[in-house]
K.L.:
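Next up is a structure, given as structure tokens.
Quick note: numbers below take in every heavy atom, side chains included, and nothing from hydrogens, waters or symmetry partners. Numbers restart at 1 for each chain; the letters A, B, ... are given by sequence-line order, proteins then strands.
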Protein chains: 2
Amino acid sequence: MVLSTSTREQIVAAADRLFYEHGFAHTSFTAIADAVGISRGNFYYHFRTKDEILAAVIESRVESTRGMLRQWETGAADPAERIRRFIRIVLTNGADIRDFGCPVGTLTAELAKLRHPARPEATAVFTLFRRWLAEQFTALGHASTADEKALHVLAFSQGVATLANAFGDEDFVHREVDRLEDWLAVQLRPADRFPQ
Amino acid sequence: MVLSTSTREQIVAAADRLFYEHGFAHTSFTAIADAVGISRGNFYYHFRTKDEILAAVIESRVESTRGMLRQWETGAADPAERIRRFIRIVLTNGADIRDFGCPVGTLTAELAKLRHPARPEATAVFTLFRRWLAEQFTALGHASTADEKALHVLAFSQGVATLANAFGDEDFVHREVDRLEDWLAVQLRPADRFPQ
DNA sequence: CAGATATTAGGACGATCGTCCTAAGATCTT
DNA sequence: AAGATCTTAGGACGATCGTCCTAATATCTG
């Protein structure tokens, strides 16, 4: 903990990026060590197994997600505007998503197929978004359906990310964002002619 | 081509299932050969590289998808009912999707991360559904927005599959299916009080 | 400055990977 | 029955994987 960014932090950052771009199983110790510019022996000093570095990456993602959600809370007092910020992630991170998909969704799917023990921890990042979105819907007066609506917004983001990655179609992402923002606007008028 | 199911067909079927359950990169020649009950040498006689077996699996999926779409066409004259059949796949294959996600979406995402040359072929399965759905919307009189609506339905299925796999929540899938069927019903009333 | 500790480099290990080869057995043709 | 072809088995190969070990160097502590 001497340098401004310690070796350990550099390793986690490089592994995070490589897991995202190439997947967990396809990223080797050597690839991470090369990305940081250290030897495999040095890597082994900080992380003894591949599961350890995966756990560190997931923990790092949990923390950065918490930070992002906090930032959205301080940046927007209106719960609807907070939800819109989440909806627009697929635009904000558009290039990465077209290239590599959603970091949360793709890692969760991979760990499920690998039957990896860290799968629940990866899913916890989803739960973080889920609960935060549900809080916003609750604040909007939809407590009884907050979790359902949170999952709907999450499903939107995953569907858009998967197809954006498959087809690389930026216009499609814009259209779907507009569509879900319209849906959100309808939710904000609970006494409208249409139920739910 | 002597037996009712040739060795080659058995290999493709086993590889298809293993690619789905464990991912392409994580499925070895040995695992496929063991699943079929043959030696690795025999496997090599039929498929010389991993890319060859992947191409055969994708081709098999393309064909079975074409067959399924044809069956939906003969089984339902109403284009709206045909679209509903697609929407309900996430229920029909509910157990598999909760365990392993969508076969098309997860393979496409993995090949994208691996920068695999067969990525376009895997995406072609998506395109098959996309064009078929667009045809149905066109038949319903929505030619100008048929492709947009087809992508919307595709995005729904991918989002639902990803979250069903992450959370294993069957009720969520049912709710989302109901929601999209409601959306479809609204699309069928073009002169309604709501535009689009 | 000297000793203890933290950090790094680089190679070795057993296992597994995709790939390839050779030879034996099964099947078909005539 | 005999020869040609198709199909199968099983092992060997080089490369890479995750893991581990040892020794050298950097840094901190007194």
K.L.:
Does E52(B) use its side chain to pair, donor to acceptor, with the backbone of R48(B) at less than 3.5 Å?
P.N.:
yes

K.L.:
Report the C-alpha distance between F24(B) and H116(B) in whole Å, list the side-chain angles of each, state the deciding distance to 0.1 Å, and finish with yes or no for ring pair (Phe, Tyr, Trp, His ring centres under 6.0 Å).
P.N.:
CA-CA 11 Å; F24(B) 168 69; H116(B) 196 282; 5.4 Å; yes

K.L.:
Roughly, in whole Å, what's the span from CG in D51(B) to C1' in dT19(C)?
P.N.:
12 Å

K.L.:
When you check the side-chain N and O atoms of H152(A) and E176(B), is any donor under 3.5 Å from an acceptor?
P.N.:
yes

K.L.:
Provide, to the nearest angstrom, the distance between the CG atom belonging to L54(A) and the P atom belonging to dG18(D).
P.N.:
12 Å

K.L.:
So which atom in R61(A) and which in F19(A) form the shortest heavy-atom distance, rounded to 0.1 Å?
P.N.:
NH2-CB, 4.2 Å

K.L.:
Could you tell me whether the side chain of Q158(A) and the main chain of Q158(B) form a donor-acceptor pair under 3.5 Å?
P.N.:
no

K.L.:
Round to the nearest Å and state the distance from H26(A) atom NE2 to dG18(C) atom C1'.
P.N.:
12 Å

K.L.:
Find the distance E52(A):CD to dC20(D):C1' and express it as a whole number of Å.
P.N.:
13 Å

K.L.:
Rounded to the nearest Å, what distance is computed from the NZ atom of residue K50(B) to the P atom of nucleotide dT16(D)?
P.N.:
15 Å

K.L.:
Specify the residues of residues 42-49 of chain B, ordered by number, for which at least one heavy atom lies under 4.0 angstrom from an atom of DNA chain D.
P.N.:
N42(B), Y45(B), H46(B)

K.L.:
Between dG18(C) atom P and L114(B) atom CG, what is the distance in whole Å?
P.N.:
12 Å

K.L.:
Check for a donor-acceptor pair, side chain of K50(B) on one end and backbone N or O of F29(B) on the other, with a separation under 3.5 Å.
P.N.:
no

K.L.:
Is any side-chain nitrogen or oxygen of T7(B) closer than 4.0 Å to OP1 or OP2 of dT7(D)?
P.N.:
no

K.L.:
Kindly state which residues belonging to residues 28-40 of chain B come within less than 4.0 angstrom of DNA chain C, counting heavy atoms of the residue only, listed by number.
P.N.:
S28(B), F29(B), R40(B)

K.L.:
Aromatic rings F126(A) and F167(B): how do their planes relate, parallel, tilted or perpendicular, breaks at 30° and 60°?
P.N.:
tilted

K.L.:
Taking the inter-plane angle between the rings of F86(B) and W72(B) on a 0 to 90° scale, is it parallel (under 30°), tilted (30 to 60°) or perpendicular (over 60°)?
P.N.:
perpendicular

